[in-house]
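Heads up: the structure comes next, in structure tokens.
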Amino acid sequence: MSDTTAEAPAGAPAATGSASGGPESLTDRLRSPRTYAVLAGSLLLLVLPFYLDRFWLQAGLFAMAAAIGAIGLNMLTGATGQLSMGHAFFLAVGAYGYCVLAGESSTENGHTLTGLGLPTWLAAILAVLLAGAAGGVFSPIAGRLRGAYLGIATLALIFIGQHVLFNAGSLTGGYNGRPVPPLSVFGFTFDDSELVVAAVPFGSSEKLWYAGLLALLLSALFARGVLRGRPGRAMNAIRDHRIAAGVMGVPVARYRAGVFVLSSMYAGLAGVLLALVFQRTVPEYFGMILSLEYLAMIVIGGLGSVAGAVIGAAFVSLLPQVFTHYSDSLPLVSAPGTGGLAPGEASRYLYGAAVVAVVLFLPGGLARLGLTRTKKPKTPRNPAVPRQSAAPNPSAAPKNPATPNNPGEKS
């Protein structure tokens with residue numbers, strides 16, 4: 001039996017997936033420019049520790065930690081429509097939870113620091129779960145409030161967290177913070193002990209680079225699976241029309257509470273990575289400014305998008321580092337403490353202007369800049385059936401030679 005293409009009349013298009021608008025094959029996806037760009041970017045990220053100095057590696061690690069936290073906040077705010085102003089609180093829970101669980105009891109700056117001395121890899125996992133538990137305590141409120149009301153309620157977490165961080169000296173070390181134990185996994189320690197790889201000395205930043213990449217990759221893949229699956233559709237339904245989602249059978253309060261816990265765990269993981277990069281936790285860092293920066297990340301990058309969260313986090317977290325590093329060369333920007341416009345202030349002005357520009361001219365965020373405009377799909381035709389130019393004329397229809405023209409005539 002011949003195939004469809006062979007039976008099609010002359011001039012009819014072949015029935016291929018790309019011509020008919022059907023789904024692309026695996027070969028087409030592997031040959032797409034986007035796949036090559038992802039492979040090139042992945043290879044570049046893997047070789048960067050061999051060429052960059054410690055400053056840029058730490059800046060990249062800050063961006064990775066910020067991206068992990070922004071992905072969690074984007075699932076809560078961008079995909080579910082729940083405004084949260086207390087994201088910095090859960091970062092602090094993850095960072096200080098790791099220090100308490102992995103650190104040893106000691107005395108520093110007049111404070112007797114409490115530490116459980118657990119294995120650092122176990123302490124990191126428990127710190128993430130601890131941040132999720134803190135989100136679970138607040139989740140009944142998150143399940144019943146929405147919009148500005150939830151934002152004001154989560155704002156209280158910042159004030160509570162700052163009070164605890166500054167006054168619970170035995171846990172946090174007070175104003176001066178407490179040291180962070182280096183991560184150790186299967187006998188491999190991510191500290192400053194020198195490790196030579198391909199004639200390049202690897203310190204803590206180089207070692208943590210690959211741990212941060214792995215954590216970011218797993219976090220992004222998990223969030224992408226959630227957003228593209230049934231939970232993601234339910235979250236979008238809650239964001240777009242809460243009452244209609246409830247009528248369709250979506251447990252609105254349960255989903256809101258669950259996403260809040262998941263977002264808190266993402267923030268806890270980001271806090272653990274930040275603590276490992278800083279090597280010392282400071283209470284002042286986990287304040288209101290940090291929560292506002294995370295909101296700026298997801299708005300600039302793109303609400304409801306994993307790629308948008310990563311792009312926005314890189315934009316907001318790397319901008320102050322770049323301004324600080326090149327403050328001598330940039331106009332109107334001076335080094336910190338010299339009396340001019342500080343790099344941190346200049347960066348806030350710039351990404352504040354970026355938020356306004358994105359809201360006005362690019363509602364989809366910076367992630368939309370890399371997407372091509374989708375064309376209107378054409379209705380595929382059946383190549384085996386030629387299209388007729390006009391309706392057939394009954395008078396011009398061919399006569400059956402087996403039927404006589406006049407019933408009275410003989411054939």
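It should be emphasised that the depicted structure is a prediction, and the values quoted were computed from it without experimental measurement.
Residue Glu345 places its CD atom among more than 12 non-hydrogen atoms of other residues, nucleotides or ligands, all under 6.0 Å distant. Counting heavy atoms of neighbouring residues, nucleotides and ligands inside a 6.0 Å radius, atom CZ of Arg144 does not exceed 12 of them. Heavy atoms from other residues, nucleotides or ligands lying under 6.0 Å from OH of Tyr149 number 12 at most.
Summarising the geometry, atom CD belonging to Glu293 is positioned 13.0 Å from atom CD1 belonging to Ile298; distances are rounded to the nearest 0.5 Å. From Leu57, atom CG reaches atom OH of Tyr51 across 13.0 Å, with rounding to the nearest 0.5 Å. Between the CZ atom of Phe55 and the OG atom of Ser205 there is a distance of 11.5 Å, given to the nearest 0.5 Å. How far CG of Leu61 is from CD of Gln58: 7.5 Å, rounded to the nearest 0.5 Å. In this structure, CD1 on Ile311 lies 6.5 Å from CG on Leu366, to the nearest 0.5 angstrom. Rounded to the nearest 0.5 Å, atoms CG (Leu39) and CG (Leu44) are 12.5 Å apart.
When Thr77, Leu83, Leu145 are each tested for a side chain to side chain contact (heavy atoms under 4.5 Å, CB included) with Leu150, only one passes: Leu145. Of the candidates Tyr266, Phe138, Tyr255, Phe138 is the only one forming a ring pair (Phe, Tyr, Trp, His ring centres under 6.0 Å) with Phe260.
Contact check for Tyr96 versus Pro283: side-chain heavy atoms found under the 4.5 Å cut-off. Between Thr120 and Tyr98 the shortest side-chain heavy-atom distance falls below 4.5 Å. Between Ser347 and Phe323 the shortest side-chain heavy-atom distance falls below 4.5 Å. Proximity of Arg239 to Asn236: side-chain heavy atoms (C-beta onward) are separated by under 4.5 Å at one or more points. In this structure, the side chains of Leu183 and Lys207 stay at 4.5 Å or more apart for every pair of heavy atoms. Between Leu45 and Trp209 the shortest side-chain heavy-atom distance falls below 4.5 Å. Proximity of Ile289 to Arg348: side-chain heavy atoms (C-beta onward) are separated by under 4.5 Å at one or more points. Looking at Val226 and Arg224, their side chains never come closer than 4.5 Å, going by heavy atoms from C-beta outward.
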request  = Please step through side chain to side chain contact (heavy atoms under 4.5 Å, CB included) for the pair Thr172 and Thr281, ending with a clear verdict.
outcome  = CA-CA 8 Å; Thr172 65; Thr281 54; over 6 Å; no
query = Between Leu113 and Ser170, does a side chain to side chain contact (heavy atoms under 4.5 Å, CB included) hold up when you go through it step by step?
reply = CA-CA 5 Å; Leu113 300 179; Ser170 60; over 6 Å; no
Candidate pair Trp56 and Leu48, rule side chain to side chain contact (heavy atoms under 4.5 Å, CB included), full reasoning = CA-CA 10 Å; Trp56 291 113; Leu48 279 180; over 6 Å; no
inquiry  = Run the side chain to side chain contact (heavy atoms under 4.5 Å, CB included) test on Met85 and Leu292 for me, step by step, so that the C-alpha distance in whole Å, both residues' side-chain angles and the decisive distance to 0.1 Å come before the verdict.
reply    = CA-CA 7 Å; Met85 298 288 293; Leu292 295 177; 3.5 Å; yes
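The nearest pair of heavy atoms linking Leu318 to Ala59 is CD2-O, 3.3 Å. Ile71 and Ala223 get closest at one heavy-atom pair: CG2-CB, 3.4 Å. Taking every heavy atom of both residues into account, Ala92 and Leu165 meet most closely at CB-CD1, 4.0 Å. In this structure, Ala134 and Phe89 approach most closely via the heavy-atom pair CB-CE2, 4.4 Å. Nearest heavy atoms, Leu101 versus Ala127: CD1-N, 3.9 Å. Here the closest non-hydrogen pair linking Ser219 and Leu269 is OG-CD2, 3.5 Å.
A distance-only check finds a donor-acceptor pair linking the side chain of Ser291 to the backbone of Ala88 [under 3.5 Å]. Looking at His87, its side chain does come within 3.5 Å of a backbone N or O of Gly69 through a donor-acceptor pair. Although no hydrogens or angles enter the test, the distance criterion places no donor-acceptor pair under 3.5 Å between the side chain of Asn74 and the main chain of Gly301. Of the possible polar contacts, none joining the Thr154 side chain to the Ser84 backbone as a donor-acceptor pair under 3.5 Å is found. With hydrogens and angles disregarded, no donor-acceptor distance shorter than 3.5 Å links the side chain of Arg256 to the backbone of Gln82. A side-chain donor-acceptor contact under 3.5 Å links Thr80 to the backbone of Met75. With hydrogens and angles disregarded, no donor-acceptor distance shorter than 3.5 Å links the side chain of Gln279 to the backbone of Leu276. Formation of a donor-acceptor pair under 3.5 Å by the Gln321 side chain with backbone atoms of Gly60 is not found in this model. Arg254 places no side-chain N or O within 3.5 Å of a backbone atom of Gly143 that could act as its donor or acceptor partner. At distances below 3.5 Å, at least one donor-acceptor pair connects side-chain atoms of Ser317 with backbone N or O atoms of Ala313.
Under the 6.0 Å cut-off for aromatic ring centres, Tyr175 and Phe166 qualify, their centroids lying closer than that.
In this pair, Phe278 and Tyr285 present their aromatic rings perpendicular. The plane angle is above 60°, beyond the 30 to 60° band. By the 30° and 60° cut-offs, the orientation of the rings of Tyr210 relative to Phe202 is parallel.
Ion pair Arg178/Glu104 not flagged as a salt bridge, since none of the NZ, NE, NH1 or NH2 atoms sits closer than 4.0 Å to an Asp/Glu carboxylate oxygen.
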